[in-house]
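Numbers restart at 1 for each chain; the letters A, B, ... are given by sequence-line order, proteins then strands.
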Amino acid sequence: MPAAVRNTVDRLDKPSAYYQGRNKRKYNRDDDREDRPKTPDEPAEDPLKDATTLYVGNLSFYTTEEQIHELFAKCGEIKRLVMGLDRFNKTPCGFCFVEYYTHQDALDCMKYIGGTKLDERVIRTDLDPGFQEGRQYGRGKSGGQVRDEYREEYDEGRGGLGRAIQAERMKEEEEYGKGR
Amino acid sequence: MADYDHRPRGGRGGYNNRKRRYRDEDDYDRRPQRRRYEEPLSVKVRKQLLAIAESPLKRVEDEVYSIAKVVADNHEDAELRKSFEDLALQLVVEQPFKTPFVASVVLAINALKSDFVDSIIAKAVTEFDSAISRGEWREVKLLMKFLGCLQGILEGDGVFPVLQDILTKAVELQTENSDDTLGPELVKIILFTIPYIMVSSGSDAIEKAASMIENTDIIASEPHVLQALVDPYPGNGKEDATPPTSVLQLLQKQLSNEATNGWELACLPRPWKLLQDAEQEITIANAPKHVLPPVNLPEVLVAGPRALFPELYFSVYANQDVETVPPTTDIASCLLRDALIDTINILDYNRNATAKFLIDLDCYFSPGTFVKRATPFDRLRDIDGDRSTWKPEDVAVDAVFSQLFQLPAPEHKLVYYHSVLTEACKIAPAAIAPSLGRAIRYLYRGVDSMDLELSYRFMDWFSHHLSNFGFTWKWTEWIDDVELPSLDPKKAFIQGALDKEIRLSFAQRIKGTLPAPYQQLITEEKEKDTPDFKYNDEATPFAADGRELMSLVKKKSPEDAIEPIITRIQSTAKDLNLPLPPLYYSTDAYVTSICYIGSKSLSHVLSCIERCKDRLLASSEARSQIIESVMAYWKDQPGIGVNIVDKLLNYTILSPDSVIEWALGKSGSNLSESAIFEMVAATVGKVTGRVRQVVKSTQEPDIPADEKATLQETVDRERQSMKELFELMEDKLTGWASGSKDQMLDGRGVTDEESAMIVQWGERYLRVFRRRGAVEEAWFLDQSKIVVPAAVEEMKVDIPEPETVEID
């Protein structure tokens, strides 16, 4: 049966819209810059075809490696676990990479663990082409994940309000104090 | 709908909402609206067919008729035709609940435009042949059911000759070898098809069905030799153990009953009847008939990708004072269960869809089969005598548990079944949660007579499930059991479940969920993130040496700085004539230091082990001490210790037999600790997984002969060491199970009662690992039947080594 057959219900082991969207953008950008000859008959090799790594998001800052290991090992032996860290203080900042030995284990993890709770938070999983040094650090301005900069909801597990907003408020308060 | 409009209207508030803030100023969305367009007919029919019978608000006969009408009226639309046929057959194998309804659509089309139907029947037969050639027996069964539903529009005897051919195959297989498992599987296909034939629009099947059932009896009624192996409740010395019944035996008996009772088959839907009664412009009964193309049963059948074992009927709702699930005397028990487990196992790629099916179970069976959804258990007593008291959620949950507790293993990873229960609970908490509560109580009551592997699965599911629902459980019900001795299976379950909860959370959090009498089970030590370093206590032998060693390892000092301390410990031990070999004392200090330094996290301990691995690898004489030190350091959080031991196995610092020796050889009272079972099971899993991997590698096509020989040697070697490992376990465990080993508990001799419990733990372990051994052996035999095409000799041309050419 060709792989193109669509199942009668959606599959949960597909890469997220985030991943796909990001790829599309990159692709367009490349095209604009350099006039590479296009090879439409040769579709690019899917980097997730044999992916064994998952990006795991929406973790609490306080969730430990052991807790992650305990849950994720239910889908197969874990080869490597890389905690996401704040670029500056090197403390956990709410994401990690989990690498399995097999592609199937990673797919199963998407199906059975993504969207369930760990440490009482609903976590997110996404297939990932593989961990590279440097990716363990948050890319937000203040060192954590970008999403924690401008978050307007208070999230106790992720350092309260977004950091940029916290900084803004702090500044406002200071200025208010000076003005008096 | 979902295909077209995914975007929620008010997308504000999600993270990264900076990008969407501009909308705050807008009162309405000013973007141009998507141009409305009429979707193609094939898309419309696709949506209708996909959703067939899903909504309790629509009359299913209207749905059936409206789809059939569009398809028949547009029979010249090739795209529509293809998409309808493909989807209809795909639904049959992906969403089996819908088969009777899809079949009714075909019956209705037949009445409207009869020549349309030939190609879909032909297509079903092609798919059937393909499923057989792949050994996909579930698909074979599902397609058979579909064809069975179409019996009324098939010429002559319809599907019966096919069933007869299948039966002949099954009998052949059984005559050749009565241990064979494929024969019973084939009979299961036949028996599960018959009810669907009997509720079809075909009217002359009664005699043929009866004679078919008579002929299957010889295979179906015989308990299979492997049945005892997969018994979920072996009893463990308890007297009330019930003998297991296989689904096949049960179904055979139920079908014979139906045959004598006029085939009531009350639970199965008959949508074609509704269609006929609905006074539509069609008649189902006297519609034209079609020839069923011949099916192709190959001479030798493929066993298929999944090892087959006898399937036993398992229910967590047996023996209640009011029936909430069909009793095993009623054929509904097998029919509902069969459709449910197929649905569950097929849809593993979308647990939300699975859970939705479980909740909507009552849509797909006859009205009146169940009580209204979410009827409380206590309310069932008020229901009139002749009306059903079956709770749809109990029936659904029961099916999930039957998979979770399937021996030797269910089709998917256990965590899939966990996730289905979690989702079902999320969709309909008021309906599902009380059902789970009763299931948990039933399982807990029987935990001492349950197979050990299953009680471990129960513990693992229970703790994982609670972790998704705020760790709330009515612990008060089991308060009396807190005082039981730790060797008692019930107490072992409580302790094990709490340990597992802690591993998914943290000690303080779990402690907060427990009533007072349980508090003592979570000791102060368990709450410590970093266990004490024993050498900090002056009373510990080698305290000063231990501390010095630790600080050297911590500072990443070179080996020549560490060596003198090691030597010093060893020579002191020798001088003092200590009971253990000197290497053990130095290893204890070294490994304990590593654990302490690495206590911060798994990656800390791993990097420390990595640094120290040469010395650890050189300490193979003291492997048991390495394990001892790790487990002693992590005695209050044994789960972490088990993980470290597992990693040490990967580094080959430990060997599988050293782990087994340590876990099973030392003390019988260990056996009740869940961490010990976990350690043993993981180690055995590693070894058997390795054997499977190397065996699989020999099956790659085109392996040159010399390489093949090397691979074969590896297989033989790995299999030999697996065999030795199982023998070692057998030896250790028989010692406990027969009560012939001296037993100690907390440094004292044991009482008679305790000794009896240890004997039972030994027996429970033995059962589990004897089964593991038998399963691996059966797997290997199956694999050795696979014929691997050898590398074609002619193709192999000796390529001379290329001469090295220097390139500047």
Side-chain angles (χ1 to χ4, degrees), chain A residues 1 5-14 17-18 57-58 62-83 92 101-102 104-105 107-120 122 145-153 155 158 162 164, chain B residues 2 6 13 15-18 21 49-50 86-87 90-91 93-95 98 130 347-354 356-357 412-420 422-423 460 464 467-471 500 503-506 509 529 600-604 606 637 639-640 643 646 650 682 685-686 689:
Chain A
M1 220 185 271
V5 171
R6 182 154 55 125
N7 287 104
T8 55
V9 299
D10 293 336
R11 300 189 64 96
L12 300 181
D13 52 5
K14 292 277 165 269
Y18 170 79
N58 199 34
Y62 307 102
T63 298
T64 64
E65 275 181 49
E66 279 69 19
Q67 285 170 286
I68 298 168
H69 198 277
E70 177 69 16
L71 179 65
F72 282 79
K74 293 187 194 293
C75 275
E77 191 176 336
I78 291 169
K79 189 174 176 187
R80 186 163 57 152
L81 177 59
V82 183
M83 293 296 278
Y101 284 95
T102 70
Q104 189 58 49
D105 288 347
L107 291 179
D108 287 346
C109 186
M110 289 288 287
K111 293 184 286 184
Y112 313 149
I113 290 185
T116 66
K117 280 187 181 176
L118 174 59
D119 219 357
E120 304 181 60
V122 174
Q145 286 198 282
V146 179
R147 58 167 283 203
D148 289 317
E149 292 291 325
Y150 299 101
R151 189 165 25 73
E152 282 171 12
E153 312 89 77
D155 185 343
R158 296 185 69 105
Chain B
H6 261 314
Y15 69 84
N16 217 356
N17 60 5
R18 189 171 47 147
R21 252 185 227 164
L49 188 58
L50 272 175
D86 288 349
L87 183 62
Q90 208 187 350
L91 276 176
V93 293
E94 288 188 7
Q95 302 187 27
K98 294 180 180 166
S130 142
L347 292 179
D348 86 290
Y349 51 82
N350 190 331
R351 59 177 198 264
N352 303 313
T354 310
K356 182 89 175 47
F357 269 115
H412 299 291
K413 290 176 179 142
L414 296 164
V415 61
Y416 167 56
Y417 306 98
H418 298 188
S419 76
V420 170
T422 306
E423 291 313 324
D460 193 45
H464 185 204
S467 81
N468 272 281
F469 296 94
F471 295 103
K500 286 223 164 235
R503 283 161 72 177
L504 286 166
S505 182
F506 52 100
R509 167 81 179 101
D529 286 337
K600 204 166 170 200
S601 77
L602 202 57
S603 40
H604 282 83
L606 286 181
Q637 296 176 61
I640 297 180
N643 271 340
D646 194 66
N650 290 350
K686 205 160 263 193

Residue pair Asn468(B) / Lys117(A): nearest heavy atoms and the distance that separates them:
OD1-N, 2.8 Å
Are the charged groups of Asp460(B) and Lys74(A) less than 4.0 angstrom apart, N to O?
yes
Going from CD on Glu65(A) to CG on Asn643(B), what distance comes out if it is rounded to the nearest 0.5 angstrom?
11.0 Å
Sort Ile640(B) into side chain, backbone, both or neither according to what part of it lies under 4.5 angstrom from a heavy atom of chain A.
side chain
Validation row: Gln637(B), Glu66(A) side chains within 4.5 angstrom (heavy atoms):
no
To the nearest 0.5 angstrom, please state how far the CG atom of Leu12(A) sits from the CG atom of Asn352(B).
5.5 Å
Residue part contacting chain B, namely of Leu118(A), when any heavy atom lies under 4.5 Å:
side chain
When Asn650(B), Thr422(B), Asp348(B) are compared by non-hydrogen pairs under 4.5 Å with chain A, the top option
Asp348(B)
So what's closer than 4.5 Å to chain A heavy atoms on Leu347(B): side chain, backbone, both or neither?
side chain
Turns out that what part of Asp148(A) lies under 4.5 Å from chain B's heavy atoms comes down to neither
Check whether more than 12 heavy atoms from other residues, nucleotides or ligands sit under 6.0 Å from atom NZ of Lys686(B), and answer yes or no.
yes
At their closest point, which heavy atom of Ser505(B) faces which heavy atom of Glu120(A), and how far apart are they?
OG-OE2, 4.4 Å
Is it true that a side-chain atom of Glu70(A) and a backbone atom of Arg503(B) form a donor plus acceptor pair closer than 3.5 Å?
no
Do Asp119(A) and Arg509(B) touch side chain to side chain, with heavy atoms closer than 4.5 Å?
no
Honestly, the part of Ile113(A) sitting under 4.5 Å from a heavy atom of chain B is both
With distance as the sole test, does Arg351(B) use its side chain to make a donor-acceptor pair with the main-chain N or O of Lys111(A) at under 3.5 Å?
yes
Applying side chain to side chain contact (heavy atoms under 4.5 Å, CB included) to His412(B) and Asp108(A), what does each step give before you reach the verdict?
CA-CA 9 Å; His412(B) 299 291; Asp108(A) 287 346; over 6 Å; no
With only heavy atoms counted, which part of Leu504(B) is less than 4.5 Å from chain A, the side chain, the backbone, both or neither?
both
Given that the side chain runs from C-beta out, which part of Glu77(A) has a heavy atom under 4.5 Å from chain B: side chain, backbone, both or neither?
side chain
Under 4.5 Å from any heavy atom of chain B, what part of Met110(A) do you find: side chain, backbone, both or neither?
backbone
Any idea which of Ile68(A), Thr64(A), Thr63(A), Thr8(A) has the most non-hydrogen atom pairs under 4.5 angstrom with chain B?
Thr8(A)
Contact class of Thr116(A) relative to chain B, heavy atoms under 4.5 angstrom
both
Between Phe471(B) and chain A, which part of the residue has a heavy atom less than 4.5 Å away: side chain, backbone, both or neither?
side chain
Which of Ala353(B), Gly685(B), Ser603(B) touches chain A most, by non-hydrogen pairs under 4.5 Å
Ser603(B)
Could you check which of Gly76(A), Ala73(A), Cys75(A) has the highest count of heavy-atom pairs closer than 4.5 Å to chain B?
Cys75(A)
Is the backbone of Arg6(A) close enough, under 3.5 Å, to the side chain of Gln90(B) for a donor and an acceptor to pair up by distance?
yes
